[in-house]
Amino acid sequence: FFFFKLPTRKTLTKEIKHLYDVKKCSIVDMLQETKSKISITSDGWSSFSLTPFISTTCHFFNKNLELKNICLNIEGFPHPHNSLNIAKKIHETLKEFEISDKVLSMTTDGAPNMVNAHEQLNNLLKLENPDRKRFVSKNWCAAHRLNLIVKNGLDSIQHNYEAVLY
């Protein structure tokens, strides 16, 4: 018989943290190597158990001109979910991955707190670097917009459909 001794929780935790650190260093190096500007997307949501989360993903072309998309973080995001807290979390992530000066645009849904977080992020970036010449531009997520258009269209059809039936 073969006997295998399972690693302890402490050993597994240590190994996972080490693997994370190694991967994070390689991502930071890749982001530093790129000559292109970086676009980010960010979104917030709640799980089925109503635990709130926020994520930030970056998009850029590497030195071989291949489009790369890297999820920089997904983490719990306690209340309040106001624009300043969102902007601070995104700014913290940009600094952590050393890309604050490379971000060209930010894509989010149209939620008021995310729209205002864009302005707050620009304020934080300006405080970080007063000589910054270019601000992060704001883009609307086309999928979120399309979803709203379809929902509104279906709502008007439903109203007309019910009128015809009854």
Item to check | Asn73 and Thr93: CA distance, side-chain angles, deciding distance, side-chain hydrogen bond (donor to acceptor under 3.5 Å, both in side chains) verdict | outcome: CA-CA 7 Å; Asn73 75 340; Thr93 301; 3.1 Å; yes

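- Remark: Ser26 OG to Ile70 CD1 distance equals 8.0 Å, nearest 0.5 Å.
- Under the 3.5 Å distance criterion, with hydrogens and angles disregarded, no donor-acceptor pair is assigned to the side chains of Asn113 and His81.
- Within the 4.5 Å cutoff, side-chain heavy atoms of Ile40 are placed close to those of Leu94.
- With a 4.5 Å cut-off on side-chain heavy atoms, Ser100 and Leu125 count as touching.
- Each of Lys138, His144, His118 was evaluated against Thr108; a single residue qualifies, Lys138, per the side-chain hydrogen bond (donor to acceptor under 3.5 Å, both in side chains) test.
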Checklist entry - Would Ile27 and Phe97 count as a side-chain contact (heavy atoms from CB on, under 4.5 Å) if you check the C-alpha gap in whole Å, the side-chain angles of each, and the deciding distance to 0.1 Å? => result CA-CA 8 Å; Ile27 290 171; Phe97 285 87; 4.0 Å; yes

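- With hydrogens and angles ignored, the 3.5 Å screen pairs no side-chain donor or acceptor of Asn116 with any backbone N or O of Ser83.
- Between the side chains of His91 and Gln120, no donor-acceptor pair is found at a separation under 3.5 Å.
- In this structure a side-chain-to-backbone donor-acceptor pair under 3.5 Å is missing from Asn64 to Glu66.
- Without hydrogens or angle criteria, Thr51 side chain to Ser47 main chain gives no donor-acceptor distance under 3.5 Å.
- Listed by first and then second residue, the salt bridge (Lys or Arg N to Asp or Glu O under 4.0 Å) pairs involving residues 78-89 are Glu75-Lys89, Lys89-Glu92 (not counting sequence neighbours).
- Listed for the Lys102 side chain is a donor-acceptor partner under 3.5 Å among the backbone atoms of Leu31.
- There is no path of hydrophobic side-chain contacts, each under 4.5 Å, that joins Phe135 to Ile90.
- Contact annotation: the side chain of Thr41 approaches that of Thr107 to within less than 4.5 Å [non-hydrogen atoms, C-beta and beyond].
- Judged as a salt bridge (Lys or Arg N to Asp or Glu O under 4.0 Å), the pairs with a partner in residues 25-49 (not counting sequence neighbours) are, in order, Glu33-Lys63.
- Distance OG1/Thr57 to CD1/Ile74: 7.0 Å, rounded to 0.5 Å.
- Here the straight-line distance linking atom CG of Asn122 with atom CG of Leu127 works out to 11.0 Å at 0.5 Å rounding.
- Proximity of Leu67 to Phe60: side-chain heavy atoms (C-beta onward) are nowhere separated by under 4.5 Å.
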